[in-house]
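The structure under discussion appears below in the form of structure tokens.
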Amino acid sequence: MISPLAYVDPSAKIGKNVTVHPFAYIDKNVEIGDDNVIMPYASLMSGTRMGNGNKVYQGAVVAAVPQDFAYTGEDTLAYIGNNNVIRENAVIIRGTHAGHATSVGDGNFIMTGARLSHDVEVGNHCIIGNGSQVSGNCIIQDCAILTSNVLMQGNTRFGSYSLVQGGCRFIKDIPPYIVAAHEPIAFYSINTKVLELAGFSETLIKHIAQAYRILYKANTSQHDALLRIQEQVPNSPEIERIIEFVKTSKLGIIH
């Protein structure tokens, strides 16, 4: 059902069983799939590419124009996957340059007042907390949790199954499976509760904890710590992910 009080550009492509409430705005160059709900005063701007089963709440903006001085008016995109919840006044900004895009995967919960800036990549089943600000070119991997009012500096990465406590800000990468806290931000613990809920075995959680004890507590160089992890911790895809994340960090990881 599309309300006659909503504005839908005639060129927009709308899928099946889509509900567009009064006073919603759907721009030209917008494509949305099936079973989406667009609430009053939500705006899907030019460049929106939305999958199925999403719900966009009042005042949210998808594919906003980049807040980037490098943007010169190119047609860029914001991809939204399936079954995401985008709550009130959240803003998702599209890519800066032609051929670039902001992307949000499946099953994410983007809370009130959160902002995803240009060229951000969000994986699947993440939580972006109330008022959290994600700067340009950041990467948030699957099942990560930014709690409320977190500031994520541009070009940083946030690893899978990690959590950042409310009000923190970070300018370096946060590796997977941990809790980051304090000011200045630092490694706090393994994200045990979330890992347990996700079905990680007790043995695997112990191996992850062992890897991070070596990385953060062994009082050695990062290079040596990674060698020790490879030698001392039983191998698994999760341990390999930790090693690869740290090795490929351009900005370095938090302390």
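Everything numeric here is computed off the predicted structure, so don't read it as measured data.
No donor-acceptor pair closer than 3.5 Å links the side chain of Glu244 to the backbone N or O of Ile242. Side chain of Thr147 to main chain of Val164: a donor-acceptor pair is present (N/O by atom type, distance under 3.5 Å, no hydrogens or angles). With Asp173 contributing its side chain and Ser249 its backbone, the two residues share no donor-acceptor pair below 3.5 Å. The backbone N or O of Tyr79 sits nowhere less than 3.5 Å from a side-chain atom of Ser103 that would complete a donor-acceptor pair.
Using a 4.5 Å heavy-atom threshold, the side chains of Ile239 and Ile229 count as touching. Using a 4.5 Å cut-off on side-chain heavy atoms (C-beta onward), Ile178 and Asn191 make no contact. In this structure, the side chains of Tyr25 and Val8 stay at 4.5 Å or more apart for every pair of heavy atoms. Using a 4.5 Å heavy-atom threshold, the side chains of Val18 and Ile2 count as separate. The side-chain heavy atoms of Val120 and Val104, taken from C-beta on, include no pair separated by under 4.5 Å. Considering only heavy atoms from C-beta on, Gln210 comes within 4.5 Å of Pro234 through its side chain. Residues Thr96 and Thr76 have side chains not in contact (no heavy-atom distance under 4.5 Å, counting atoms from C-beta outward). Using a 4.5 Å heavy-atom cutoff, the side chains of Ile128 and Phe109 are not in contact.
Between Leu163 atom CG and Cys143 atom SG the span is 12.5 Å, to the nearest 0.5 Å. In this structure, OG in Ser135 is found 7.5 Å from CG in Leu151, a value given to the nearest 0.5 Å. From Ser117, atom OG reaches atom CZ of Arg115 across 4.5 Å, with rounding to the nearest 0.5 Å. Rounded to the nearest 0.5 Å, atoms CD1 (Ile208) and OH (Tyr161) are 10.0 Å apart. Between atom CD1 of residue Ile205 and atom NZ of residue Lys193 there is a gap of 10.0 Å, rounded to the nearest 0.5 Å. Taking OG1 of Thr112 as the start and CZ of Arg87 as the end, the distance is 5.5 Å to the nearest 0.5 Å.
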Test side chain to side chain donor-acceptor pair (under 3.5 Å) on Arg49 and Asn29 and set out the steps. CA-CA 9 Å; Arg49 300 290 185 270; Asn29 188 27; 2.7 Å; yes
Residues Lys55, Met39; criterion side chain to side chain contact (heavy atoms under 4.5 Å, CB included); working and verdict: CA-CA 8 Å; Lys55 192 165 187 178; Met39 299 295 284; 4.0 Å; yes
Go through the steps for Ile93 and His118 under the test side chain to side chain contact (heavy atoms under 4.5 Å, CB included), then give the verdict. CA-CA 5 Å; Ile93 297 171; His118 63 88; 4.1 Å; yes
Derivation of the side chain to side chain contact (heavy atoms under 4.5 Å, CB included) call for His97 and His100: CA-CA 5 Å; His97 298 294; His100 291 199; 4.0 Å; yes
Using the side chain to side chain contact (heavy atoms under 4.5 Å, CB included) rule, take Arg169 and Ile185 through it: C-alpha gap first, then chi angles, then the decisive distance, then the call. CA-CA 7 Å; Arg169 56 193 177 98; Ile185 197 168; over 6 Å; no
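In terms of heavy-atom proximity, Ser162 sits nearest to Pro175 at OG-O, 2.6 Å. Contact detail for Ala180 and Ile254: the closest heavy-atom pair is CB-CD1, 3.7 Å. Contact between Ala42 and Val56 at its shortest, heavy atoms only, is CB-CG1, 3.9 Å. What you find for Ala114 and Gly129 is that their closest heavy atoms are CB-O, 3.7 Å.
Taken together through direct or relayed side-chain contacts under 4.5 Å among Ile, Leu, Val, Met, Phe, Trp and Tyr, Met152 and Tyr177 form part of one hydrophobic cluster. By the criterion of side-chain heavy atoms lying less than 4.5 angstrom apart, applied directly or through intervening Ile, Leu, Val, Met, Phe, Trp or Tyr residues, Val91 is not grouped with Ile32; the two fall into different hydrophobic clusters. Residues Leu204 and Val233 share a single hydrophobic cluster, defined by chaining ILVMFWY side chains whose heavy atoms lie under 4.5 Å apart. Clustering ILVMFWY residues whenever any of their side-chain heavy atoms sit less than 4.5 angstrom apart, transitively, puts Ile127 in the very cluster that holds Ile110. Cluster membership for Phe23 and Leu44, using ILVMFWY side-chain heavy atoms within less than 4.5 angstrom, is not shared.
Heavy-atom neighbours of Glu183 CD from other residues, nucleotides or ligands within 6.0 Å: above the threshold of 12. Taking a 6.0 Å sphere around CG of Asp9, one finds it holds more than 12 heavy atoms contributed by other residues, nucleotides or ligands. Remark: Ile171 CD1 is loosely packed, at most 12 non-hydrogen atoms of other residues, nucleotides or ligands lying under 6.0 Å away.
For Ser3 and His21, the side-chain atoms include no donor-acceptor pair closer than 3.5 Å. Side chains of Asn17 and Asp34: no donor on one and acceptor on the other come within 3.5 Å. For the 3.5 Å distance criterion, the side chains of Asp119 and Thr102 fail to qualify, holding no donor opposite an acceptor. Between the side chains of Asp35 and Asn52, not a single donor N or O lies within less than 3.5 Å of an accepting N or O. Counted by atom type alone, Asp106 and Asn83 present zero donor-acceptor pairs between their side chains at under 3.5 Å. With no hydrogens or angles considered, a side-chain donor-acceptor pair links Glu74 and Thr72 at under 3.5 Å.
Scanning for ring-ring contact (aromatic ring centres under 6.0 Å, His included) contacts around Tyr71 gives an empty result, with sequence neighbours left out. For Phe187, the ring-ring contact (aromatic ring centres under 6.0 Å, His included) criterion is met by Tyr212, Tyr216, not counting sequence neighbours. Under the salt bridge (charged side-chain N to carboxylate O under 4.0 Å, His left out) criterion, Lys28 pairs with no residue at all, not counting sequence neighbours.
None of Asp142, Asn84, Asn124 except one satisfies the side-chain hydrogen bond (donor to acceptor under 3.5 Å, both in side chains) rule with Asn108; the exception is Asn84. A side-chain contact (heavy atoms from CB on, under 4.5 Å) with Ile253 is found for exactly one of Gln222, Arg157, Lys172, namely Gln222. Only one option out of Asn82, Thr19, Asn54 pairs with Asn36 in a side-chain hydrogen bond (donor to acceptor under 3.5 Å, both in side chains); it is Asn54.
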